[in-house]
Amino acid sequence: MTERGAAASEQGVSANAGRDEVSLVRGGPFYRAQEALRLVHPNHWHLGRRTTCALAIGWLPLVLITLLLNPRALVGLLTDYTVNARMLFGVPVLLAGQPVMETIFRAIVGAVRDAGLLTPSDTDQLDKTLVRLIRLRDSVIPELIFVVIAYSKVAETVQAQLIYVRPWGMAVSAVGPHLTTAGWYYVLVSQLLYQLLILISLWKWLLWCIFLYRLSKMDLQLVPTHPDQHGGIGFLGLSPVAITPTFLVISAVIGATWRAEIFREHVHWLSFKIEAIVLFGVVLIVTLGPLLLFVPRLTRLRRLGIFEYGALGQLESMQFHKRWIQHRAGREEEFPATPEASTLTDYGSSYQNIEHLQPFPFDQGAFFALILAVAIPLLPVVLAEVPFVTVLKALLEAVR
């Protein structure tokens with residue numbers, strides 16, 4: 001392609017990115033394959049259709065193979081918590097998380113544009129950033145790497161199958177234990193589908209983190225008196241909602257593994273407390289870490305706002321004091337009708353917004369949703385040893 005043609009192509013993509021194409025989710029070979037199979041359309045995710053297809057590929061063959069070749073192990077497959085956590089819970093939630101992620105990304109990019117946070121030059125820079133990210137989104141290389149990563153763990157997954165001694169996935173012959181046909185299908189197909197969805201979701205989140213990094217370097221038109229108490233970018237605190245479904249699945253799968261170890265090795269559930277703390281720490285770093293990029297800017301904004309609005313407040317307060325305190329004699333009846341008192345009150349409210357400005361763009365609802373998404377799937381780990389009634393009583397007592 002000539003330089004002129006490449007420039008025209010980039011200009012076309014940039015214009016498209018600047019108007020409508022702000023999705024960092026709808027792209028890549030996996031998405032294009034779903035488009036070719038008519039599982040998704042540009043304006044509709046068809047979640048039910050995609051979930052049915054995913055289960056028909058990743059879970060139903062396990063049932064059919066086991067039913068035909070090893071029917072006695074069928075109950076073991078249907079009650080296998082670790083497998084079902086991945087295939088019957090994880091895969092549907094990961095698929096449902098994609099439209100959630102797209103909705104959040106689109107809403108935030110739209111808010112950045114509509115709120116007047118960018119200068120004309122930064123608006124052009126934003127379009128160029130989206131162009132680069134969309135090209136990365138559509139690249140074949142990342143998803144090829146994900147497939148390699150998934151299959152590089154085949155030996156590890158096979159070993160796990162043998163350790164867990166799943167009758168539906170393992171058989172014993174004269175040469176020793178080996179995977180059954182269903183076991184190999186799970187290792188080579190079902191696990192690939194699950195891990196690919198996880199890695200794609202994390203890849204799209206990485207693209208979003210790059211976007212936030214680029215945005216943090218722009219000359220944002222922040223206002224210290226903004227009522228959101230984050231300089232006008234409080235909506236960025238909704239970002240963690242986009243990745244919450246992914247961590248819900250990761251937590252559920254980790255919890256399923258710990259629960260299996262409790263039943264198999266008879267370890268206490270508190271044995272996993274360090275791992276649980278590390279899990280929460282990693283989740284908080286991955287989800288909230290990108291928002292730390294805006295802390296220096298908002299810290300400076302608050303400090304500068306206190307000085308600037310403080311100086312103006314001193315002048316307004318002095319003028320009000322002189323007019324209505326020191327020299328009000330004979331003009332007391334005029335005070336109720338004067339707009340100066342109302343102006344000073346409004347100014348005081350604005351100054352309080354500056355004092356309460358939070359340097360970290362935090363959204364309480366998004367944070368609690370994230371914590372619950374990680375904590376709730378770990379509850380079965382506790383229930384493996386502690387009766388549900390006991391746990392419920394402890395929770396009720398803690399609430400009192």
Is the side chain of Thr52 donor-acceptor paired with the backbone N or O of Gly48 at a distance under 3.5 Å, no angle test? yes
Without swapping roles, check the side chain of Ser139 against the backbone of Arg135 for a donor-acceptor pair under 3.5 Å. no
For Tyr213, does the OH atom sit with more than 12 other heavy atoms under 6.0 Å from it, leaving out its own atoms? no
When you compare the side chain of Leu60 with that of Leu55, does any pair of heavy atoms fall below 4.5 Å? no
Can you tell if the side chain of Leu378 reaches within under 4.5 Å of the side chain of Val382, non-hydrogen atoms only? no
If I take atom CZ from residue Arg86 and atom CH2 from residue Trp59, how far apart are they, to the nearest 0.5 angstrom? 16.0 Å
Measure up the Trp45 and Tyr31 rings against each other and bin them: parallel (under 30°), tilted (30 to 60°), perpendicular (over 60°). perpendicular
Do the side chains of Leu202 and Ile141 join up, straight or via other hydrophobic residues, at under 4.5 Å, putting them in one cluster? yes
Any donor and acceptor pair, going by atom type alone, linking the side chain of Arg302 with main-chain N or O of Pro359 inside 3.5 Å? no
Between Tyr194 and Ile198, is the side chain to side chain contact (heavy atoms under 4.5 Å, CB included) condition met? List the steps. CA-CA 6 Å; Tyr194 161 74; Ile198 285 282; 3.9 Å; yes
Single-linkage hydrophobic cluster Val109~Leu238, side-chain heavy atoms < 4.5 angstrom: no
Using the rule given for side chain to side chain contact (heavy atoms under 4.5 Å, CB included), can you reason through Glu308 versus Leu304, listing the C-alpha separation, both sets of side-chain angles and the distance that settles it, and then say yes or no? CA-CA 6 Å; Glu308 292 179 340; Leu304 184 61; 3.6 Å; yes
Single hit among Trp184, Tyr186, Tyr185 for ring pair (Phe, Tyr, Trp, His ring centres under 6.0 Å) with Trp168: Tyr186
Could you report the tightest heavy-atom contact between Arg26 and Pro42, atom names first, then the distance? CZ-O, 3.2 Å
Please assess Trp203 against Leu206 for the test side chain to side chain contact (heavy atoms under 4.5 Å, CB included), listing each intermediate value before the final yes or no. CA-CA 5 Å; Trp203 165 240; Leu206 177 60; 3.9 Å; yes
Is there side-chain contact between Gln98 and Val40, with at least one heavy-atom pair below 4.5 Å? no
Minimum heavy-atom separation for Ser239 and Leu212, please, with both atom names. OG-CD1, 4.3 Å
Can you give me the closest heavy-atom contact between Arg32 and Gly27, atom names plus distance? NH2-CA, 4.0 Å
Please name the pair of heavy atoms, one in Ala252 and one in Phe89, separated by the smallest distance, quoted to 0.1 Å. CB-CE2, 3.6 Å
Identify the residue among Val223, Thr225, Leu301 that makes a side chain to side chain contact (heavy atoms under 4.5 Å, CB included) with Ile354. Thr225
Atom pair CE (Met87) and CD (Gln191), whose distance is rounded to the nearest 0.5 Å: 8.0 Å
Hydrophobic cluster identity match, Leu179 and Val189, side-chain contacts under 4.5 Å: yes
Would a 4.5 Å heavy-atom cut-off, applied to side chains only, mark Arg300 and Pro296 as touching? yes
Approximate separation, where rounding is to 0.5 Å, of Phe105 CZ and Leu133 CG: 10.5 Å
Asp80 side chain vs Gly76 backbone, donor-acceptor pair below 3.5 Å: no
So, taking the atom named CG in Leu130 and the one named CZ in Arg132, what distance separates them when rounded to the nearest 0.5 Å? 10.0 Å
Where Leu279 and Ser251 come nearest, the two heavy atoms and their spacing: CD2-OG, 4.3 Å
Sub-3.5 Å donor-acceptor pair from the side chain of Glu143 to the main-chain atoms of Phe30, do we have one? yes
What verdict does the salt bridge (Lys or Arg N to Asp or Glu O under 4.0 Å) test give for Asp127 and Arg113, after you've listed the backbone C-alpha separation in whole Å, the side-chain angles of each residue and the deciding distance to 0.1 Å? CA-CA 11 Å; Asp127 290 341; Arg113 296 185 185 280; 2.9 Å; yes
Under a 3.5 Å cutoff, is there a donor and acceptor pairing between the side chains of Asp228 and His230? no
So Phe362 and Phe360, would you call those rings parallel, tilted or perpendicular, with 30° and 60° as cut-offs? tilted
Would you say the side chain of Arg297 lies within less than 4.5 Å of the side chain of Ser216, judging by non-hydrogen atoms? no
May I ask you to test the Thr51-Val91 pair for a side-chain heavy-atom distance under 4.5 Å? no
In Å, rounded to the nearest 0.5 Å, how long is the span from CG of Leu215 to CD1 of Ile210? 13.5 Å
Rounded to the nearest 0.5 angstrom, the CG-CG distance for Leu288 and Asp363 is 10.5 Å
Taking the side chain as everything from C-beta on, heavy atoms only, tell me whether Ile254 gets closer than 4.5 Å to Phe272. no
Is the CZ atom of Arg214 crowded by more than 12 outside heavy atoms at less than 6.0 Å? no
Side chains of Ile371 and Val283: closer than 4.5 Å at any heavy-atom pair? no
On a heavy-atom basis, the closest approach of Lys204 and Leu24 is CD-O, 2.8 Å
